[in-house]
Amino acid sequence: MKRREFLTRSIQAALAGSSMTATLGHLSLVNAMVPPADDYRALVCVFLFGGNDSYNMVVPSGGLEYEAYADARQSLAVAAEDLVSINPLTTAGTFGFHPSAPELAGLFNDNKLAVAANIGALVEPTSRTSFENGNIELPQQLFSHNDQQKYWQSLNTNVAKPTGWAGRMADLLEGSNGETGLSMNITIAGSNLWQTGSATLPYSISAGGVQTLKGLNSAASGERERRRADAFNAMLTSSPTSAIGQEFARVQQRSINLADLIADQIADVPPLETQFPDGNPLGGSLSMVARLIAAREALGMKRQTFFVSLGGWDTHGDQLERQPLLISRLSQGLHAFSQAMEELGIGNEVTTFTASDFGRTLTSNGDGSDHGWGGHQLIMGGAVNGQEIYGNMPIIEIEGPQDSGRGRIIPTTAIDQMGATLASWFGLGASELNEVFPNLKNFPIQNLGFMR
Amino acid sequence: MVHNNGHWGVRCSVMLRVAALFFAILLGMTACSGGGSGGSTQTTAEPPALTISETEAARFLIRATFGPTEESIDNLVLLGYESWLNEQFAIPTTSQLAKLTATLEAANLEANQGNAKRLRRVDTWWDVVVNGEDQLRQRVAFALSQIFVISDEEAALRNSVLGIANYNDLLAEYAFGNYRELLHAVTLNPMMGDFLSMRRNEKADPENNISPDENYAREVMQLFSIGLWELNLDGTRKLDEDEQPVPTFTYYEILEFARVYTGWNYGNAPRLRFSRRNAESEVIPMTSFEDFHDRDLKYLLGYELIPAGLDAPEDMNAALDNIFNHANVAPFISKQLIQHLVTSNPSPEYVERITTIFEDNGSGERGDLKRVVQAIFLDEEALAAEGFTFGKLKDPLLKVTQLWRAFEAEGEFGVLRFGDSNNILGQRPLGAPSVFNFFRPDYQHPGELQNMGINSPAFEILTESLITTSTNILADFVYGARTRTGKNAARHPVLLNFTDELALSDDPEGLVDHVNLLLMGGLMSDEMKAVLIDNVTETPLDDDGTRRVQDAVFLTVSSPEFSVQR
């Protein structure tokens with residue numbers, strides 16, 4: 001605790017004693033002005049449910065570094081000759097992407113994709129020593145799926161009413177959007193904490209689009225349908241007999257209020273040239289996001305977040321068969337989405353990033369890996385300072401200085417830092433960043449620099 | 001079935017209090033207050049003649065079955081709660097495995113028609129829960145399937161249709177058995193072995209940096225038995241001196257338990273490193289291969305030590321005993337069963353009453369699920385069903401089963417099929433997105449419900465998108481929409497039998513009362529009744545009454561009031 005107070009004070013002191021852009025190096029507060037109302041920005045979160053073994057997604061490929069990796073990972077290791085090499089502009093060392101991710105490697109080398117290395121759930125900077133001594137504050141229930149999913153999305157779960165960081169952003173920025181009542185936050189992957197704020201709820205749309213109610217049009221030509229619609233609506237607004245029924249009515253009403261508008265606007269969007277990969281659930285979700293973004297002006301949206309997901313990453317077993325398929329879906333899905341954004345001419349206005357429950361153990365359990373901690377994430381878009389690895393690649397060593405046990409690597413960069421870098425681009429100011437990212441103040445670098 | 005049930009009202013509310021009081025005494029509890037008329041029964045040794053009304057029966061059946069029918073209401077009125085429960089306890093499991101096996105033989109599908117086989121696995125579930133006699137057993141099995149989750153969304157189970165049907169049979173079989181035996185059967189079930197990767201888990205191989213798989217070790221404790229936080233008997237979290245919750249285990253215990261669950265493969269596998277399988281592999285319990293089992297000593301929960309040298313089954317038994325005897329099991333499992341069957345927000349007192357029975361059924365047995373289930377349904381809080389926050393948002397699947405049972409649904413080709421319900425309702429039997437089920441029991445829907453601090457689990461899948469697709473599919477069913485069809489289509493059109501309702505179509509009030517009883521256990525508000533009666537009255541009776549009946553039924557099942565199980 002003492003260390004944290006010290007850090008907080010030193011950051012506060014640094015802020016107080018400096019002009020806005022100096023001193024803290026990467027802190028780029030220039031970007032953090034609330035943007036003029038005529039621009040557009042969207043953040044797309046691709047949540048990889050289950051915990052991506054991302055140490056096999058981005059791999060050190062140089063001699064000794066690769067040997068250390070292969071030594072730690074043993075049968076889980078990707079063969080050196082199979083890696084798709086990438087060319088970071090300044091990061092020292094050589095690296096490759098998983099063989100199922102040639103599209104991602106292409107985007108990286110094209111300057112449209114960056115890697116944020118060894119990101120994870122941290123309340124304050126954590127070392128192996130402080131972890132083992134226990135004199136440090138840690139997120140609750142590390143290594144538990146649902147707790148860590150919530151932590152990633154919220155960064156502050158230990159409260160009665162947790163909110164998510166996109167929800168908190170929306171609470172601050174909701175005014176940027178038009179008057180349709182459509183939430184700033186749209187989910188293609190159902191309920192989620194990330195987009196839930198104190199005053200913001202995500203609006204859910206399925207990958208197939210929006211359905212409107214059948215046979216319940218109160219302006220229908222048929223008398224029977226009008227009568228039925230009136231009765232249906234009367235029940236939605238009648239005095240509630242139960243809190244649960246009352247909330248059900250609210251959700252149904254919210255669905256009705258916007259369904260027609262959204263369905264009409266999506267229908268008006270000309271079909272995209274970009275082909276999204278067939279049979280790829282992520283591709284289907286991102287295709288719907290692309291259509292919604294294409295309809296942004298008609299919907300009056302200036303700031304949006306989208307939540308999509310791809311499940312199945314909990315590769316305790318058969319990892320060598322399962323992970324390549326997943327990575328290939330991710331790679332092809334993201335690539336198509338990048339093309340679609342360029343086709344729409346707004347590649348620079350849309351930033352996509354990955355998130356996942358946690359990384360996985362470096363050590364094998366025989367044919368898979370178990371729940372870990374830190375992991376790599378991807379950031380993609382025209383506004384990304386691509387072709388670079390941000391943060392620090394982990395020391396791949398069992399019982400090494402960053403190992404909390406079995407190769408559960410302690411993160412060296414906090415989710416708060418990655419989130420704040422994105423949020424700063426999205427339009428949040430410095431004080432707002434600290435409001436939205438509760439642990440940000442505990443870390444010396446508040447902007448990782450991967451956004452232009 | 002009596003349609004003109006107006007005279008029941010007054011008499012029955014008294015009877016309910018008498019019944020509740022009687023069962024409260026039976027279960028050794030303090031009687032609830034407010035039932036003055038029942039006072040004299042307290043000193044009577046003979047139980048009073050227990051009479052329940054049709055509406056009480058219907059409400060009970062909405063919880064304890066997949067939906068009331070005219071026949072089941074009559075039967076429960078005749079028997080009373082306790083005899084009805086005893087009758088249900090005695091009905092053997094309708095085997096989904098047996099039905100599915102027969103169906104697959106008849107369908108004569110090719111090996112590569114995996115999707116057609118999966119549809120038939122789900123058909124079997126619908127058939128059994130809609131038409132089976134063992135309603136209570138299957139209803140409890142449905143609750144258990146959302147606690148002891150497996151799912152064919154997981155690649156390893158995608159083609160294991162027999163294994164999944166058999167797993168449902170297992171849950172139904174143990175629904176009235178002992179929790180410890182259920183835990184053992186679930187642990188050694190090959191589908192669970194595949195789902196949470198205990199199958200082929202090996203002891204450590206330090207030279208190759210291989211440690212035992214932690215998957216089952218974690219989830220069996222986090223989800224199937226004790227949960228993450230120490231609990232009081234009443235289900236609330238224990239707090240330490242800093243008012244912080246107390247974790248039940250750390251990852252050091254996971255490492256120890258992971259070593260317990262080593263050395264298992266399919267029951268007919270010749271050795272551990274062997275992955276071929278046949279139909280039998282999916283359904284018989286896993287067997288152990290000692291060369292791959294870690295025989296060193298292990299520290300379990302509460303620093304209990306199991307000595308070195310035990311074989312895999314012995315270690316397994318010691319570990320499951322260790323978990324079973326943890327103080328969290330009773331509140332953790334009891335509360336979730338209450339949440340799935342009766343209300344998302346049981347009072348701590350209700351939880352504690354059930355927990356007490358879980359810990360000792362009165363004959364010294366711990367984990368007697370039959371007594372637990374009985375106590376959950378007969379608890380005074382369940383029978384009183386009072387308050388603005390009481391009850392639960394219905395599982396979307398249960399809305400459909402209710403509709404189909406009430407009106408004797410028949411599917412095209414004689415098969416009730418709703419194989420894509422995950423896309424439309426957000427829920428498909430034994431098809432959750434992960435071991436965390438479709439929704440979590442402690443989910444609090446942001447907004448008013450969270451502000452009230454109440455759990456609202458099924459709201460986690462009630463999105464703006466799914467609420468409308470659900471309403472639309474209910475319309476399809478009620479109005480007999482002719483959807484895309486074919487023997488391997490994801491869904492079949494259904495036909496509902498409205499004979500009894502059509503007979504009431506010239507009596508708007510009678511029709512609405514009847515629908516109210518059958519679908520809502522008589523809980524429809526006066527305001528909603530008035531809306532429906534107006535709608536029926538204004539609909540011209542220039543057909544056989546179908547339009548009136550369809551509109552009344554559809555408006556009921558799509559209403560906010562029907563969405564709540566109270």
Side-chain angles (χ1 to χ4, degrees), chain A residues 49-50 72 74-75 141 143-147 161 190-191 196 201 203-206 210-215 224 227-228 231-232 234-236 238-252 254-255 259 311-312 314 316-318 322 363-368 370-371 398 405-406, chain B residues 155-156 197 200-202 208-215 218 222 228 247 251 388-393 433-434 436 440 445-450 452 454 456 459-465 467-469 471-472 475 525 527-528 531-532 534-535 538-539 547 551 555 558-561 563-564 566:
Chain A
F49 279 105
Q74 296 286 330
S75 61
Q141 301 291 359
F143 321 127
S144 153
H145 284 294
N146 62 337
D147 292 272
K161 292 184 215 167
S191 309
T196 303
L201 289 175
Y203 188 84
S204 162
I205 294 173
S206 85
V210 175
Q211 262 201 28
T212 52
L213 287 171
K214 278 190 209 166
R224 184 187 182 196
R227 193 164 47 236
R228 184 167 53 210
F232 182 87
M235 293 190 302
L236 287 184
S238 68
S239 329
T241 54
S242 126
I244 297 162
Q246 183 178 30
E247 189 62 27
F248 178 92
R250 281 196 198 100
V251 178
Q252 181 72 79
R254 233 179 13 245
S255 174
D314 195 20
H316 289 278
D318 298 327
R322 295 168 61 187
T363 61
S364 163
N365 61 32
D367 63 347
D370 294 327
H371 304 178
I398 309 304
R406 280 202 57 197
Chain B
S197 59
R200 298 190 56 197
N201 183 19
E202 299 181 13
N208 291 308
N209 277 349
I210 293 176
S211 307
D213 187 316
E214 299 171 5
N215 200 7
R218 166 172 284 279
Q222 180 169 343
L228 292 175
Y251 94 98
F388 195 60
T389 59
F390 183 86
K392 54 180 286 238
L393 185 71
S434 79
F436 289 83
R440 300 305 307 146
H445 195 60
E448 289 303 309
L449 295 180
Q450 190 180 61
M452 296 168 88
I454 70 169
S456 43
F459 274 96
E460 199 165 358
I461 53 170
L462 191 81
T463 60
E464 292 86 357
S465 161
I467 197 171
T468 290
T469 49
T471 301
N472 285 344
S525 68
E527 209 173 330
M528 177 171 163
V531 169
L532 292 186
D534 279 357
N535 182 268
E538 285 167 23
T539 301
R547 289 185 203 162
D551 281 358
L555 288 168
S558 63
S559 70
E561 292 188 19
S563 75
V564 191
R566 279 166 68 207

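In the text below, chain A, chain B and the rest are named by the order of the sequence lines, each starting its count at 1.
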Undergrad: Give a yes or no on whether the backbone of A:Asp367 and the side-chain of B:Arg200 come within a donor-acceptor separation of less than 3.5 Å.
TA: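 Not confirmed, B:Arg200 side chain does not pair with A:Asp367 backbone.
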Undergrad: Could you report the tightest heavy-atom contact between B:Ile454 and A:Ala243, atom names first, then the distance?
TA: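 Of all heavy-atom pairs spanning B:Ile454 and A:Ala243, the closest is CD1-CB, 4.4 Å.
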Undergrad: Which one wins on heavy-atom pair count under 4.5 Å against chain B: A:Gln211, A:Arg224, A:Lys161, A:Gln246?
TA: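 Among the listed options, the one with the most contacts to chain B is A:Arg224.
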Undergrad: When rounded to the nearest 0.5 angstrom, what is the spacing between CD in B:Glu448 and CZ in A:Arg250?
TA: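 If we round to the nearest 0.5 Å, B:Glu448:CD and A:Arg250:CZ are 4.5 Å apart.
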Undergrad: Ignoring hydrogens, what is the shortest heavy-atom contact between A:Gly366 and B:Ile210? Give both atom names and the distance.
TA: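 Minimum heavy-atom contact is N-CG2, 3.5 Å.
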Undergrad: Counting only heavy atoms closer than 4.5 Å, note whether B:Gln450 contacts chain A via side chain, backbone, both or neither.
TA: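 Both the backbone and the side chain of B:Gln450 come within 4.5 Å of chain A.
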Undergrad: Please check if the side chain of B:Asp213 supplies one atom and the backbone of A:Asn365 the other of a donor-acceptor pair under 3.5 Å.
TA: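 Between the backbone of A:Asn365 and the side chain of B:Asp213 there is no qualifying donor-acceptor contact (under 3.5 Å).
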Undergrad: Do you know which of A:Gln74, A:Arg227, A:Lys214, A:Met235 has the most heavy-atom pairs under 4.5 Å to chain B?
TA: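 Heavy-atom pairs under 4.5 Å are most numerous for A:Arg227.
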Undergrad: Can you tell which of A:Val251, A:Thr212, A:Ile205, A:Asp147 has the highest number of heavy-atom pairs within less than 4.5 Å of chain B?
TA: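 The answer is A:Val251.
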Undergrad: Kindly compute the distance separating CG (B:Asn208) from OG (A:Ser75), expressed to the nearest 0.5 Å.
TA: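 Answer for the CG-OG pair, B:Asn208 versus A:Ser75, is 7.5 Å.
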Undergrad: At a 4.5 Å cut-off on heavy atoms, which part of B:Gln222 comes close to chain A: side chain, backbone, both, or neither?
TA: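 Side chain of B:Gln222 only, per the 4.5 Å heavy-atom cut-off to chain A.
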Undergrad: Can you tell me which of A:Ala249, A:Ala234, A:Ser238, A:Gly311 forms the most heavy-atom pairs within a distance under 4.5 Å of chain B?
TA: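 Among the listed options, the one with the most contacts to chain B is A:Ser238.
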Undergrad: Looking only at side chains, do B:Thr471 and A:Gln252 share a donor and an acceptor under 3.5 Å apart?
TA: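 A donor-acceptor contact under 3.5 Å links the two side chains.
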Undergrad: Let me know if B:Arg547 has heavy atoms under 4.5 Å from chain A in its side chain, its backbone, both or neither.
TA: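 It is both, since atoms from each part get that close.
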Undergrad: Give a yes or no on whether the backbone of A:Gly190 and the side-chain of B:Thr463 come within a donor-acceptor separation of less than 3.5 Å.
TA: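 No.
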Undergrad: Tell me, side chain or backbone of B:Phe390 under 4.5 Å from chain A's heavy atoms, or both, or neither?
TA: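 Only the backbone of B:Phe390 comes within 4.5 Å of chain A.
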Undergrad: What I'd like to find out is whether the side chain of B:Leu393 reaches to under 4.5 Å of the side chain of A:Phe248, using heavy atoms alone.
TA: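 SC-SC contact between B:Leu393 and A:Phe248 confirmed.
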Undergrad: Answer with side chain, backbone, both or neither: which region of A:Asp318 has an atom nearer than 4.5 Å to a non-hydrogen atom of chain B?
TA: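 Neither part.
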Undergrad: Is A:Leu201 close to chain B through its backbone or its side chain, or both, or neither, when contacts mean heavy atoms under 4.5 Å?
TA: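 Interface part for A:Leu201: side chain.
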Undergrad: Is it the side chain or the backbone of A:Ser144 that comes within 4.5 Å of chain B heavy atoms, both, or neither?
TA: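 A:Ser144 touches chain B through backbone and side-chain heavy atoms alike.
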Undergrad: Which pair of non-hydrogen atoms, one from B:Ser197 and one from A:Gly317, has the smallest distance, and what is that distance?
TA: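 Answer, listing the atom of B:Ser197 first, then A:Gly317: CB-N, 4.4 Å.
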Undergrad: Counting heavy-atom pairs under 4.5 Å to chain A, which of B:Asp534, B:Leu532, B:Ile461, B:Leu462 comes out on top?
TA: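 The residue among B:Asp534, B:Leu532, B:Ile461, B:Leu462 with the greatest pair count is B:Leu462.
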Undergrad: Taking every heavy-atom pair that is under 4.5 Å apart, which of A:Gly405, A:Gly50, A:Ala72 has the most such pairs with chain B?
TA: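 Highest number of heavy-atom pairs under 4.5 Å: A:Ala72.
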Undergrad: Could you walk me through whether B:Ser434 and A:His145 pass side-chain contact (heavy atoms from CB on, under 4.5 Å), step by step?
TA: CA-CA 10 Å; B:Ser434 79; A:His145 284 294; over 6 Å; no
Undergrad: Return yes if some donor-acceptor pair links the side-chain N/O of B:Asn535 with the main-chain N/O of A:Ala231 below 3.5 Å, else return no.
TA: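 No: the side chain of B:Asn535 does not pair with the backbone of A:Ala231.
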Undergrad: Rounded to the nearest 0.5 Å, what separates atom CD1 in A:Ile244 from atom CE in B:Met452?
TA: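 Spacing of CD1 (A:Ile244) from CE (B:Met452) equals 9.0 Å.
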Undergrad: Nearest 0.5 Å, please: how far is OG in A:Ser191 from CZ in B:Arg440?
TA: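 Going from CZ on B:Arg440 over to OG on A:Ser191, the span is 14.0 Å.
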Undergrad: Assess, by modelled atom type and distance only, whether the side chains of B:Thr468 and A:Ser255 contain a donor and an acceptor separated by less than 3.5 Å.
TA: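 Yes - a donor-acceptor pair under 3.5 Å links their side chains.
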Undergrad: Indicate the atoms forming the closest heavy-atom contact of B:Ser211 with A:Thr363, along with that distance.
TA: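 Scanning both residues, the minimum pair turns out to be OG-OG1, 4.3 Å.
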Undergrad: Checking B:Thr469 against chain A: side chain, backbone, both or neither under 4.5 Å from a heavy atom?
TA: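 Both parts, backbone and side chain.
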Undergrad: Could you tell me whether the side chain of B:Pro560 reaches within less than 4.5 Å of the side chain of A:Leu236, counting heavy atoms only?
TA: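 Result yes, sub-4.5 Å side-chain heavy-atom pair found.
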Undergrad: Which value, rounded to the nearest 0.5 Å, describes the distance between A:Phe143 atom CZ and B:Arg218 atom CZ?
TA: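 So the CZ of A:Phe143 and the CZ of B:Arg218 are separated by 8.0 Å.
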Undergrad: If I take atom CZ from residue B:Phe436 and atom CG from residue A:Asp314, how far apart are they, to the nearest 0.5 angstrom?
TA: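 With rounding to 0.5 Å, CZ (B:Phe436) is 8.5 Å from CG (A:Asp314).
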Undergrad: Heavy-atom pairs under 4.5 Å with chain B - which of A:Gly215, A:Pro240, A:Gly368, A:Ala259 has more of them than the others?
TA: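 The answer is A:Pro240.
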Undergrad: Need one label for A:Glu247: side chain, backbone, both or neither, based on atoms under 4.5 Å from any heavy atom in chain B.
TA: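 For A:Glu247, backbone and side chain are both near chain B.
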Undergrad: Where does B:Pro446 contact chain A at under 4.5 Å (heavy atoms): side chain, backbone, both or neither?
TA: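 For B:Pro446, backbone and side chain are both near chain A.
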Undergrad: Please classify the contact between A:Ile398 and chain B as side chain, backbone, both or neither, with a heavy-atom cut-off of under 4.5 Å.
TA: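 The side chain, not the backbone.
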Undergrad: What part of A:Thr241 is in contact with chain B, defined as an atom under 4.5 angstrom from a non-hydrogen atom: side chain, backbone, both or neither?
TA: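 Contact with chain B: backbone and side chain both.
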Undergrad: Looking at every non-hydrogen atom in both residues, tell me the closest pair between B:Ser563 and A:Gly245 and how far apart they are.
TA: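 Heavy-atom minimum between the residues: OG-CA, 4.2 Å.
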Undergrad: Non-hydrogen atoms of chain A under 4.5 Å away: do they reach the side chain of B:Glu561, the backbone, both or neither?
TA: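 For B:Glu561, the side chain is the part near chain A, not the backbone.
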